[in-house]
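Worksheet: the structure to be examined is printed underneath.
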Amino acid sequence: MKKSILLGTLTAAGLVAGAATAGTLDDVKARGTLNCGVVTGLAGFGAPDTNGEWQGFDVSLCRAVAAAIFGDPTAVTFVPTTGKTRFTALASGEIDMLARNTTWTFSRDVDLKFEFVGVNYYDGQGFMVPKALGVSSAKELDGATVCIQTGTTTELNLADFFRANNISYEPVPIETNAEAQQQYLAGACDVYTTDASGLAATRATFEAPGDHVLLPEIISKEPLGPLVRHGDAEWGDVVRWTLNALITAEELGVTSANVADLSAGTENPEVNRLLGTEGNLGEMIGLEPDWAKKAIMAGGNYGEVFEKNIGENTPIGLARGLNAQWTEGGLIYSPPFR
């Protein structure tokens with residue numbers, strides 16, 4: 001019995017490993033489209049516009065990956081996912097990658113068998129309340145009702161914060177940002193808590209955003225980034241280095257406006273390697289020599305994507321902060337292209 005159980009376990013493990021290493025890049029190329037998991041709707045990060053076209057900061061990464069593979073940023077099928085459904089969709093193969101405000105944690109990386117391929121937004125959990133509530137600190141929220149998305153790190157952080165400060169709260173569970181917004185505005189909860197970027201994005205859609213305040217406390221580290229399944233390192237490299245290409249492009253001054261000219265050749269060897277006019281980085285990653293050029297052309301470099309979708313001149317109004325380039329005192333940093 002012990003022997004058969006062991007063999008059964010090994011067989012099951014082998015099947016899982018075989019599925020994981022089936023070659024996602026080859027599957028995506030054969031399918032002709034990238035299946036990208038996104039949020040159900042969050043202004044600036046991922047939502048359909050008035051024409052039904054998906055737009056946003058996270059959506060731009062999906063389009064950049066599609067452009068790197070196909071030369072076509074529209075070769076993407078967007079699959080909306082909630083906090084509860086996103087991991088099942090990725091694990092089952094319904095989506096090839098997930099790009100929606102998802103926090104890189106130990107258990108998600110190790111226990112859920114996912115691979116976070118980088119951080120595209122450094123965030124932290126915050127609190128939004130109506131100005132009329134007269135609260136200036138999250139520590140004044142004893143007894144409050146709190147709208148909170150289920151299946152998220154936000155739930156756990158909230159419990160830790162209130163316990164550490166010896167105050168109580170009543171959770172109002174919700175599944176999507178749209179539901180949270182509706183419940184919060186209807187007065188079903190006193191407080192909405194999620195990533196601070198998400199609060200800013202949500203408040204920007206209100207008729208009277210000035211009637212709501214973000215409290216000063218940031219109670220967690222929330223490194224948000226794209227992820228893929230364990231076991232397919234080649235596919236992980238494609239997503240990882242597409243993100244790195246956008247980051248490096250900003251650092252090197254390569255933009256959507258000048259990338260075509262620079263791809264003719266420059267005096268900077270790293271720019272040349274990035275854009276495929278020197279070396280064989282494209283061959284190494286299983287893509288065309290100008291894969292990074294195509295990714296940058298899809299929506300611009302990291303800074304352009306940030307400013308267009310969530311920057312200070314948008315309704316979301318987010319400053320770069322920690323998400324500035326490392327050369328500007330931020331944490332956005334890419335390994336070298338060499």
Side-chain angles (χ1 to χ4, degrees), residues 39 42-45 57-58 83 101-105 119-150 152-174 177 180-225 306-307 309-326 328-332:
V39 72
L42 181 62
F45 285 87
F57 180 77
D58 289 324
N101 56 335
T102 298
T103 304
W104 187 346
T105 71
V119 176
N120 69 338
Y121 193 93
Y122 289 93
D123 211 344
Q125 183 174 333
F127 299 88
M128 178 168 63
V129 298
K131 186 179 290 184
L133 199 61
V135 172
S136 60
S137 168
K139 295 179 181 179
E140 300 172 16
L141 295 175
D142 192 19
T145 53
V146 183
C147 278
I148 185 164
Q149 291 190 50
T150 55
T152 64
T153 56
T154 314
E155 280 187 295
L156 307 177
N157 297 336
L158 182 68
D160 288 349
F161 177 78
F162 274 78
R163 179 180 176 184
N165 287 281
N166 197 30
I167 52 179
S168 63
Y169 69 100
E170 181 181 339
V172 179
I174 45 91
N177 188 67
Q181 179 174 324
Q182 180 182 26
Q183 294 284 72
Y184 172 79
L185 290 175
C189 54
D190 303 311
V191 188
Y192 180 30
T193 183
T194 189
D195 298 336
S197 64
L199 295 177
T202 300
R203 182 173 65 169
T205 66
F206 292 171
E207 288 185 10
D211 290 346
H212 305 269
V213 296
L214 303 186
L215 298 179
E217 286 85 1
I218 298 294
I219 66 169
S220 68
K221 293 183 297 184
E222 305 293 330
L224 310 178
F306 191 104
E307 294 306 324
N309 293 286
I310 57 177
E312 291 183 287
N313 294 320
T314 69
I316 313 303
L318 294 172
R320 289 292 292 267
L322 293 177
N323 297 293
Q325 285 276 339
W326 67 284
E328 301 293 329
L331 298 178
I332 296 299

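Not measured: the values here are computed from a predicted model. Along the sequence shown, residues are numbered consecutively beginning with 1.
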- Task: Please check if any side-chain donor atom of Thr150 sits under 3.5 Å from a side-chain acceptor atom of Glu155, or the reverse.
- Result: no
- Task: Determine, using ring centers only, whether Tyr184 and His212 are less than 6.0 Å apart.
- Result: yes
- Query: Which pair of non-hydrogen atoms, one from Cys189 and one from Val172, has the smallest distance, and what is that distance?
  - Reply: CB-CG2, 4.0 Å
- In this structure, OG1 of Thr205 is separated from CG of Leu185 (nearest 0.5 Å) by 7.5 Å
- Separation of Tyr192 OH from Gln149 CD (nearest 0.5 Å): 4.0 Å
- Taking the side chain as every heavy atom from C-beta outward, state whether Phe162 and Asn166 have any atom pair closer than 4.5 Å. no
- Query: Would you say the side-chain atoms of Thr194 and Gln125 include a donor-acceptor pair closer than 3.5 Å?
  - Reply: no
- Item | Min side-chain heavy-atom separation Val119-Trp104 under 4.5 Å | yes
- Within a strict 4.5 Å, meaning less than it, do heavy atoms of the Asp142 and Ser168 side chains meet? yes
- Give, for atom CD of Glu170 and atom CG of Asp190, the distance between the pair rounded to the nearest 0.5 Å. 9.0 Å
- Query: Taking all non-hydrogen atoms of both residues, which atom of Asn323 and which atom of Ile332 are closest, and how far apart?
  - Reply: O-CG1, 3.3 Å
- Message: Show the nearest heavy-atom pair for residues Ala201 and Leu42, with the distance to one decimal.
- Response: CB-CD1, 3.9 Å
- Side-chain donor-acceptor pair under 3.5 Å between Glu222 and Asn157, yes or no? yes
- Note, Thr145 side chain near Val191 side chain (heavy atom, < 4.5 Å): no
- Query: Is it true that Phe127 and Phe161 have ring centroids separated by less than 6.0 Å?
  - Reply: yes
- Item | Atom of Ala204, atom of Pro315 and distance for their closest heavy-atom approach | CB-O, 3.2 Å
- With rounding to the nearest 0.5 Å, note down the distance linking CG in Asp195 to CG in Asn177. 10.5 Å
- Task: For the residue pair Ser197 and Asn101, confirm or rule out a side-chain donor-acceptor distance under 3.5 Å.
- Result: no
- Task: Would you check, one step at a time, whether the test side-chain contact (heavy atoms from CB on, under 4.5 Å) holds for Phe206 with Asp211?
- Result: CA-CA 9 Å; Phe206 292 171; Asp211 290 346; over 6 Å; no
- Query: Counting only N and O atoms by type, is there a donor-acceptor contact under 3.5 Å from the side chain of Lys131 to the main-chain atoms of Gly210?
  - Reply: yes
- Query: Are Met128 and Leu214 side-chain neighbours, meaning at least one heavy-atom pair lies under 4.5 Å?
  - Reply: yes
- Separation of Arg320 CZ from Leu318 CG (nearest 0.5 Å): 11.0 Å
- Applying side chain to side chain contact (heavy atoms under 4.5 Å, CB included) between Asp58 and each of Asn309, Leu224, Asn120, report the one that passes. Asn120
- Task: Mark yes when over 12 heavy atoms from residues, nucleotides or ligands other than Glu140 sit less than 6.0 Å from its CD; otherwise mark no.
- Result: yes
- Query: Should Leu158 and Val146 count as side-chain neighbours, where that means a heavy-atom distance under 4.5 Å?
  - Reply: yes
- Query: Would you say the side chain of Leu141 lies within less than 4.5 Å of the side chain of Leu215, judging by non-hydrogen atoms?
  - Reply: yes
- Shortest non-hydrogen pair, Pro216 vs Ser137, comes out as CD-CA, 4.5 Å
- Query: Do Ile148 and Ile174 come within less than 4.5 Å of each other through their side chains, counting heavy atoms only?
  - Reply: no
- Message: Within this structure, what is the OG-CG distance for the pair Ser220 and Asp123, rounded to the nearest 0.5 Å?
- Response: 8.0 Å
- Can you name the nearest heavy-atom pair linking Ile310 to Gly44, along with the distance? CG2-O, 3.4 Å
